[in-house]
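What follows is a single structure, written as structure tokens, with notes after it.
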Amino acid sequence: MDGELFPRERTVIAPGAVHVPDWLGPDRQRELLADCRDWARPPAGLRTVRIPGGGVMSARQVCLGLHWYPYGYARTAVDGDGAPVKPMPPELAALGPAAVAAAYGRPPEPGTAYDIALVNFYGADSRMGMHRDADEDSTAPVVSLSLGDTCVFRFGNTLSRGRPYRDVELRSGDLFVFGESSRLAYHGVPKVLPGTAPQGLGLTGRLNITLRVGGLG
Ligand SMILES: O=C(O)CCC(=O)C(=O)O
Ligand SMILES: [Fe+2]
């Protein structure tokens, strides 16, 4: 980022959990943002996710490839308008192995196809509670891309929602990969920092895209 006193460096946050700052350049961020706006349109567009028990997620979501709902995957927006989920774009799928290579210094296992993307939109007051990404039937790393406002990303342990955890600032363009012994670690977003998106991106709020391997046949 401009004006940074020290460049932010690739950091291993936990075994198999790696933060790669500024992985996406400004042009790639703009392209992805334009794509997210397309994907957000109906049918099977951006929706509010209702949690069993009565709550709602404050981040709104759209899915590609397979539709996630609490707690499973479907081929249609079963908790939205019921339309078929949009396909996973090949260019987006291709970012999965490239991201794993950037984070780990080696590509994922051959044949690892990133076939699911979950796109979450966070307003100034949105948060995401501590949870595990456990509805996939694959041990392949989750790839997370951030656009827009900076957030505090809390990355914890596999046993509980509580400590130990580490708080990491994810900024626009940052990559975070979690796999190996951190694949099922609890994580969440306690806070978005409003007004921190890069000038020129044209986004108020934050978008996060997670790429996943479903392994669901
Ligand atoms: O927004 C983020 O950085 C995390 C999103 C997340 O954990 C998820 O989509 O499962
Ligand atoms: Fe998650």
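Predicted model only: the values in this text are computed from it and were never measured. The basis for the numbers below is simple: all heavy atoms, side chains too, and nothing from hydrogens, waters or symmetry mates. Just so you know, residue 1 is the first one in the sequence shown, and it goes up from there. Atoms within a ligand are numbered from 1 in the order they appear, just like the ligands themselves.
- Close contacts between ligand 1 and Phe153 involve ligand atoms 3 (O), 4 (C) [criterion: under 4.0 Å to a heavy atom].
- With a 4.0 Å cut-off on non-hydrogen atoms, Asn208 touches ligand 1 through its side chain and not its backbone.
- Ligand 1 places these atoms under 4.0 Å from at least one heavy atom of Arg206: 1 (O), 2 (C), 3 (O).
- Checking Glu180 against Tyr104 by side-chain atom types alone, no donor-acceptor pair falls below 3.5 Å.
- Here the closest heavy-atom approach between residue Trp23 and residue Leu95 is recorded as CH2-O, 3.9 Å.
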For this session: List the steps, then state whether side chain to side chain contact (heavy atoms under 4.5 Å, CB included) holds for His187 with Asp133.
Result: CA-CA 9 Å; His187 58 277; Asp133 295 355; 3.1 Å; yes
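- The line from CG of Leu147 to CG of Leu24 is 6.5 Å long, rounded to the nearest 0.5 Å.
- Nearest-residue assignment for atom 9 (O) of ligand 1 (options Asp135, Asn120, Leu207, Val189; heavy-atom criterion): Asn120.
- Using cut-offs of 30° and 60° for the angle between ring planes, the Phe176 and Phe153 rings count as perpendicular.
- Looking only at heavy atoms of the protein, atom 6 (C) of ligand 1 is closest to Met128 SD, 3.5 Å.
- Arg154 forms a cation-pi arrangement with Tyr165, by the criterion of a distance under 6.0 Å to the ring centre and an angle within 45° of the ring axis.
- Of the heavy atoms in Arg212, only side-chain atoms (C-beta onward) come closer than 4.0 Å to ligand 1.
- The nearest pair of heavy atoms linking Pro97 to Ala94 is CD-O, 3.5 Å.
- Around the Fe ion (ligand 2), the protein contributes the following N, O or S atoms under 2.8 Å, ordered by chain and number: His131 NE2, Asp133 OD1, His187 NE2.
- Defined by atom type and a distance below 3.5 Å, a donor-acceptor pair is missing between the side-chain atoms of Asp125 and Ser58.
- Each of the atoms 10 (O) of ligand 1 lies under 4.0 Å from some heavy atom of Asp133.
- Residue Tyr122 has at least one nitrogen or oxygen atom sitting less than 3.5 Å from a nitrogen or oxygen atom of ligand 1, judged on distance alone.
- Cation-pi contact between Arg166 and Phe155: absent, since separation from the ring centre below 6.0 Å together with deviation from the ring axis within 45° is not met.
- Under the 4.5 Å side-chain heavy-atom criterion for grouping Ile, Leu, Val, Met, Phe, Trp and Tyr, Val143 is connected to Leu32 within one hydrophobic cluster.
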